[in-house]
S.K.: 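Structure incoming, see below.
Position 1 is the first residue of the sequence; numbering continues from there. Ligands are counted one by one from 1 in listed order, and the atoms in each one are counted from 1 as well. Everything numeric in this text was worked out from a predicted model, so none of it was measured.
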Amino acid sequence: MPQSRDTVLEIDLGALAHNYRFLRDRLRPETRFLGVVKAYGYGSDSLAIALKLEALGADYLAVAFTDEGTFLREGGVRLPILVLHPQPSGLDDLITHRLEPALYSLRILKMFLETARRREARGFPVHLKFNTGLNRLGFWENDVEWIAGQLEGESSLTIRSAFSHLAASDDPGSNTFTQRQIKSFAAIVADIREQLPGTPFFHLLNTSGILNFPDAQWDMVRSGIGLYGYGNDPEVDPLLRPVARLRTRISQLHKIEPGEWVGYNKGYRAADFRTTATLPIGHADGIGRIYGKEHGAFHVRGKRAPIIGNVCMDMTMIDVTGIPCKEGDEVVVFGNGHSAEDLARGAGTISYELLTGISRRVAREILEEH
Ligand SMILES: *Cc1c(COP(=O)(O)O)cnc(C)c1O
């Protein structure tokens with residue numbers, strides 16, 4: 001993918017190490033740690049993140065789809081990789097690359113069982129995903145008996161773990177709901193211990209679960225956003241370090257006269273004399289139109305510069321009136337105290353969406369831990 005070297009996403013592996021240790025320190029020492037590297041490592045660089053997590057001592061990785069796991073294997077990642085949402089088209093690849101599927105439905109369990117038998121797999125590791133209230137993906141508690149029946153005497157597969165996912169672990173207002181999910185998972189764990197007694201471990205918590213419901217850590221936790229430096233919590237955020245920093249440069253400065261328009265469809269009209277900067281980053285790079293019309297701001301020399309008018313495909317215009325700057329100067333899109341969370345919130349979205357949307361046209365620069 002051809003990339004511009006003026007718009008760069010810096011990936012700070014030292015920050016990743018810091019966040020990993022911060023989260024790890026909140027867990028019981030024997031709890032396993034799974035690092036979630038789906039969606040290209042939350043938009044950063046999944047291979048660099050995965051290799052670093054491996055070096056830091058993480059126990060597991062997870063991706064959403066099979067090809068994301070294949071990419072990591074081809075890059076030399078050796079940790080066990082859980083594939084959270086495997087699709088029928090990639091079941092053979094799971095076996096080829098020793099990627100461990102989450103089996104979440106009667107259909108996918110049957111299909112994977114057939115694939116494993118055809119490939120003459122022996123004890124291939126799989127995980128069972130249960131629905132406890134998110135109502136998105138997973139078996140129901142009363143499927144345990146059916147699963148046990150399907151796998152009785154089966155030598156091609158081994159159940160490695162069973163897990164569920166919290167719907168609102170970041171929201172204190174949903175505490176009662178989350179406690180209900182935890183109880184419901186505990187009931188599933190009890191059923192599995194009885195009916196699938198070889199199942200070695202259980203897990204429920206994502207990042208906000210680790211922070212808010214540490215008693216429910218069972219044998220492993222699955223953290224994504226926290227590793228990347230965001231805790232969904234204003235008290236925790238300052239203790240984490242954002243891994244990704246997105247910077248660009250001023251291409252051109254414009255003096256705008258009162259009454260003039262800026263950008264496509266006359267998205268902005270100057271009420272007085274303004275100075276605008278045109279930047280080589282646009283919605284094709286992941287800065288969506290929702291950030292336009294002053295719903296988002298970047299930073300130039302530490303000062304806030306609102307996005308004016310409509311974000312274009314390859315360019316964005318910001319208002320730099322009163323900020324001493326020149327063409328070629330650096331602009332911070334997010335990072336360095338101007339967090340992706342703040343930028344996202346201003347436009348009514350969340351850090352997850354902003355981070356994962358940074359397109360592959362933006363060059364990645366890996367900063368090693370030192
Ligand atoms: C994405 C995902 C996670 C990670 O969640 P964070 O909020 O980013 O920590 C954990 N578990 C499952 C099943 C997921 O899909």
Side-chain angles (χ1 to χ4, degrees), residues 15-16 19-20 22-24 26-27 31-44 46 49-50 53 58-66 68-69 80-87 99-105 108 126-139 160-172 174 178 181-182 184-185 188 201-214 216-233 236-237 239-240 242-244 339-341 344 349-357:
L16 177 71
N19 300 333
Y20 173 79
F22 174 86
L23 292 163
R24 190 58 278 171
R26 300 195 155 215
L27 300 169
T31 301
R32 296 184 178 105
F33 195 104
L34 176 151
V36 181
V37 295
K38 63 193 179 191
Y40 201 51
Y42 287 44
S44 61
S46 59
I49 299 285
L53 288 171
D59 303 280
Y60 251 89
L61 298 171
V63 293
F65 303 118
T66 305
E68 296 180 300
I81 299 174
L82 168 59
V83 179
L84 294 164
H85 196 182
Q87 299 297 304
L99 302 167
E100 305 179 8
L103 304 179
Y104 50 85
S105 66
I108 207 82
V126 299
H127 304 257
L128 299 174
K129 169 77 183 284
F130 285 86
N131 173 31
T132 51
L134 179 57
N135 288 322
R136 187 175 72 171
L137 204 63
F139 289 109
R160 179 124 320 156
S161 82
F163 70 105
S164 186
H165 192 34
L166 296 174
S169 57
D170 55 329
D171 171 18
S174 299
T178 302
Q181 275 199 278
I182 293 171
S184 145
F185 187 60
I188 290 168
F201 68 92
F202 299 92
H203 44 114
L204 177 65
L205 303 180
N206 61 348
T207 300
S208 293
I210 296 171
L211 299 171
N212 300 327
F213 301 93
Q217 62 193 267
W218 271 280
D219 309 298
M220 183 164 85
V221 297
R222 306 182 304 270
S223 177
I225 199 76
L227 287 175
Y228 302 97
Y230 295 96
N232 298 324
D233 181 336
V236 174
D237 280 337
L239 306 173
L240 296 168
V243 165
S339 79
E341 179 61 33
T349 182
I350 56 175
S351 57
Y352 296 77
E353 186 183 35
L354 174 57
L355 293 170
T356 59

S.K.: Would you say Tyr228 touches ligand 1, if touching means a heavy atom closer than 4.0 Å?
M.R.: no

S.K.: Please classify the Arg136 to ligand 1 contact at 4.0 Å (heavy-atom distances, strictly less than): side chain, backbone, both or neither.
M.R.: side chain

S.K.: Considering both backbone and side-chain atoms of Thr207, is one of its nitrogen or oxygen atoms within less than 3.5 Å of a nitrogen or oxygen in ligand 1?
M.R.: yes

S.K.: What atoms of ligand 1 come closer than 4.0 angstrom to any heavy atom of Tyr42?
M.R.: 1 (C), 4 (C), 5 (O), 6 (P), 8 (O)

S.K.: Tell me the contacting part of Val36 for ligand 1: side chain, backbone, both, or neither, using a 4.0 Å heavy-atom threshold, strictly below.
M.R.: side chain

S.K.: Which residue and atom name correspond to the protein heavy atom nearest atom 15 (O) of ligand 1, and how close is it?
M.R.: Lys38 NZ, 2.7 Å

S.K.: Are Ser339 and Asp237 side-chain neighbours, meaning at least one heavy-atom pair lies under 4.5 Å?
M.R.: no

S.K.: Give the residue, atom name and distance (to 0.1 Å) of the protein heavy atom nearest atom 12 (C) of ligand 1.
M.R.: His165 CE1, 3.4 Å

S.K.: Which protein heavy atom lies closest to atom 11 (N) of ligand 1, and at what distance to 0.1 Å?
M.R.: Arg222 NE, 2.9 Å

S.K.: Would a 4.5 Å heavy-atom cut-off, applied to side chains only, mark Tyr42 and Ile225 as touching?
M.R.: yes

S.K.: May I ask you to test the Arg136-His165 pair for a side-chain heavy-atom distance under 4.5 Å?
M.R.: yes

S.K.: With only distance considered, is Gly224 within less than 3.5 Å of ligand 1 through an N or O on each side?
M.R.: yes

S.K.: Are the ring centres of Tyr20 and Phe33 closer than 6.0 Å?
M.R.: yes

S.K.: Please confirm whether the backbone N or O of Pro86 pairs with a side-chain atom of Tyr104, one donor and one acceptor, at under 3.5 Å?
M.R.: yes

S.K.: For ligand 1, which atoms, with element, lie under 4.0 Å from some heavy atom of Ile225?
M.R.: 6 (P), 7 (O), 8 (O), 9 (O)

S.K.: How about Thr207 and Val221: do any of their side-chain heavy atoms sit closer than 4.5 Å?
M.R.: no

S.K.: Tyr352 heavy atoms, cut-off 4.0 Å: which ligand 1 atoms fall inside?
M.R.: 6 (P), 7 (O), 8 (O)

S.K.: Please tell me whether His127 and Tyr60 form a close aromatic pair, meaning their ring centres lie under 6.0 Å apart.
M.R.: yes

S.K.: Cationic tip of Arg32 within the cone over Phe201's six-membered ring, i.e. under 6.0 Å and within 45° of the normal?
M.R.: yes

S.K.: Using a 4.0 Å heavy-atom threshold (strictly under), name the region of Leu84 that reaches ligand 1: side chain, backbone, both or neither.
M.R.: side chain

